[in-house]
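Below is one structure, written out as structure tokens, with a few remarks after it.
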Amino acid sequence: MKREIWEWTKAIVIALVIAFFLRSFVFATSVVEGASMDPTLKSGERVIFNKAVYLLDEPERGDIVIIERPNKNYVKRIVGMPNETIKAENNQLYIDRKPIDEDYLTEEELRGTGNFEERKIPANHYFVMGDNRDVSKDSRNGLGLIKENNVIGRSEIIIFPFSHFSLTR
């Protein structure tokens, strides 16, 4: 009986250590607040994000990322990469003066892109935007350019509500 209790205790402790490690260094959850990522992500959805992916790789254009800020985290899409120039004219996004196809957005969402002057994205920074461009607080209007070390993970899966379970790419 004592041996069985000891074996169960070891198994539970090992499971808790593994869960703590995964939660701290590999995967975490975040709740989407607001409509800035509509229709890709809706307010109230819970997503799992991968915290380890950028230890081995660099963020890419199109990644939906979690951005850490002192008072709250944001969920946005990377649209501009380090050392690129970016601008929007007549709701069309341009990177290094070439139009970018944003096939993840509908015509209605693209109309919210608006206009902004060309700017150079410095090394180790990203330009992010929400998919719901009309209401998004992003690199155009409040968040500014995002430092590489403020990108804490890539959104992978919508886990709640269960009826919305899917990948977030």
Side-chain angles (χ1 to χ4, degrees), residues 27-159 163-169:
F27 293 105
T29 62
S30 184
V31 176
V32 178
E33 294 178 12
S36 73
M37 285 300 293
D38 248 5
T40 308
L41 299 172
K42 303 208 178 305
S43 187
E45 288 181 332
R46 183 171 293 272
V47 297
I48 290 180
F49 67 96
N50 184 335
K51 295 169 82 172
V53 67
Y54 297 136
L55 297 175
L56 307 170
D57 203 2
E58 297 290 318
E60 296 179 10
R61 186 181 338 278
D63 284 358
I64 298 173
V65 296
I66 310 301
I67 300 159
E68 184 175 53
R69 288 299 172 108
N71 297 328
K72 104 182 227 183
N73 292 345
Y74 292 88
V75 180
K76 302 293 174 191
R77 187 181 298 273
I78 293 178
V79 295
M81 304 296 290
N83 303 311
E84 293 180 335
T85 58
I86 187 167
K87 82 172 194 173
E89 189 173 270
N90 298 321
N91 299 314
Q92 174 65 56
L93 194 63
Y94 293 87
I95 302 291
D96 295 332
R97 298 192 171 109
K98 295 181 185 119
I100 296 299
D101 179 27
E102 298 180 277
D103 59 357
Y104 46 85
L105 298 177
T106 66
E107 287 297 319
E108 183 179 339
E109 284 126 22
L110 285 169
R111 282 193 290 276
T113 303
N115 298 314
F116 57 86
E117 297 291 318
E118 184 173 271
R119 60 184 92 165
K120 176 86 168 158
I121 303 168
N124 303 314
H125 287 75
Y126 297 94
F127 193 98
V128 298
M129 295 173 80
D131 287 356
N132 188 355
R133 304 273 168 89
D134 278 333
V135 301
S136 179
K137 177 179 178 182
D138 52 40
S139 291
R140 299 170 297 170
N141 59 17
L143 282 184
L145 297 171
I146 305 302
K147 292 179 184 173
E148 183 176 35
N149 62 350
N150 291 126
V151 177
I152 60 169
R154 181 178 69 202
S155 176
E156 299 287 351
I157 302 169
I158 300 168
I159 59 168
S163 60
H164 294 190
F165 186 87
S166 65
L167 296 176
T168 58
R169 296 188 191 190

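Quantities reported herein were computed from a predicted structural model and do not represent experimental measurements.
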* Asked: Do you know which two heavy atoms are closest between Glu117 and Lys87, and how far apart they sit?
  -> C-CB, 3.9 Å

* To do: State, yes or no, whether a side-chain contact exists between Asn150 and Tyr126 at a heavy-atom distance under 4.5 Å.
  => no

* Does a sphere of radius 6.0 Å around CD in Glu108 hold more than 12 heavy atoms from other residues, nucleotides or ligands, not counting ones at 6.0 Å or beyond? -> no

* Less than 4.5 Å apart, any side-chain heavy atom of Met81 and any of Glu58? -> no

* Steps toward side-chain contact (heavy atoms from CB on, under 4.5 Å) verdict (Lys72, Glu33) -> CA-CA 10 Å; Lys72 104 182 227 183; Glu33 294 178 12; 3.8 Å; yes

* Asked: From Ile121 CD1 over to Ile86 CD1, what is the distance, rounded to the nearest 0.5 angstrom?
  -> 5.0 Å

* **Gap separating the CG atom of Asn50 from the CG atom of Asp57, nearest 0.5 angstrom** => 10.5 Å

* Please confirm whether the backbone N or O of Asp134 pairs with a side-chain atom of Arg111, one donor and one acceptor, at under 3.5 Å? => no

* Heavy-atom pair of closest approach, residues Asn83 and Ala123 -> OD1-N, 3.5 Å

* Just jot down the side-chain hydrogen bond (donor to acceptor under 3.5 Å, both in side chains) partners of Arg119, sequence neighbours excluded, or say none. => none

* Structure fact -> In this structure, CE of Met37 is separated from CG of Asn132 (nearest 0.5 Å) by 9.5 Å

* Asked: Mind checking whether Val128 and Tyr74 have side chains closer than 4.5 Å, heavy atoms only?
  -> no

* **Rounded distance (nearest 0.5 Å) linking atom OG1 of Thr40 with atom CG of Leu105** => 7.0 Å

* Asked: Of the non-hydrogen atoms in Ser136 and Gly130, which two are nearest, and what is the gap between them?
  -> OG-N, 3.1 Å

* Give me the one residue out of Asp131, Asp63, Asp138 that meets side-chain hydrogen bond (donor to acceptor under 3.5 Å, both in side chains) with Arg77. => Asp131

* Could you tell me which non-hydrogen atom of His125 sits nearest to which non-hydrogen atom of Lys147, and how far apart they are? => NE2-CG, 3.4 Å

* To do: Determine whether Val151 and Tyr54 make a side-chain contact, defined as any pair of heavy atoms from C-beta on separated by less than 4.5 Å.
  => yes

* Structure fact -> Closest non-hydrogen atoms of Phe127 and Leu145, given as atom of the first, atom of the second and distance, are CD1-CD2, 3.6 Å

* Asked: Is there a donor-acceptor contact under 3.5 Å linking the side chains of Gln92 and Tyr94?
  -> no

* So how far is it from Phe49 CZ to Arg154 CZ, rounded to the nearest 0.5 Å? -> 12.5 Å

* Yes or no on side-chain contact (heavy atoms from CB on, under 4.5 Å) for Ile100 and Val79, after CA distance, side-chain angles and deciding distance? -> CA-CA 9 Å; Ile100 296 299; Val79 295; over 6 Å; no

* **Lys76 and its side-chain hydrogen bond (donor to acceptor under 3.5 Å, both in side chains) partner, picked from Ser139, Ser36, Ser155** => Ser36

* To do: Please say whether more than 12 non-hydrogen atoms of neighbouring residues, nucleotides or ligands are located less than 6.0 Å from CZ in Arg97.
  => no

* To do: Output the distance between atom CD (Glu84) and atom CZ (Arg61), rounded to the nearest 0.5 Å.
  => 4.0 Å

* **Minimum-distance pair of heavy atoms, taken over all atoms of Lys137 and Leu143** => O-CD1, 3.6 Å

* To do: Please name all residues satisfying side-chain hydrogen bond (donor to acceptor under 3.5 Å, both in side chains) with Thr85, sequence neighbours left out, ordered by chain then number.
  => Asp96

* Please tell me if the side chains of Arg133 and Asn91 come closer than 4.5 Å, counting only heavy atoms from C-beta onward. => no

* For Asn115 and Asn90, indicate whether the former's side chain and the latter's backbone hold a donor-acceptor pair under 3.5 Å. => yes

* Asked: Under a 4.5 Å cut-off applied to non-hydrogen side-chain atoms, are Asn73 and Ile152 in contact?
  -> yes

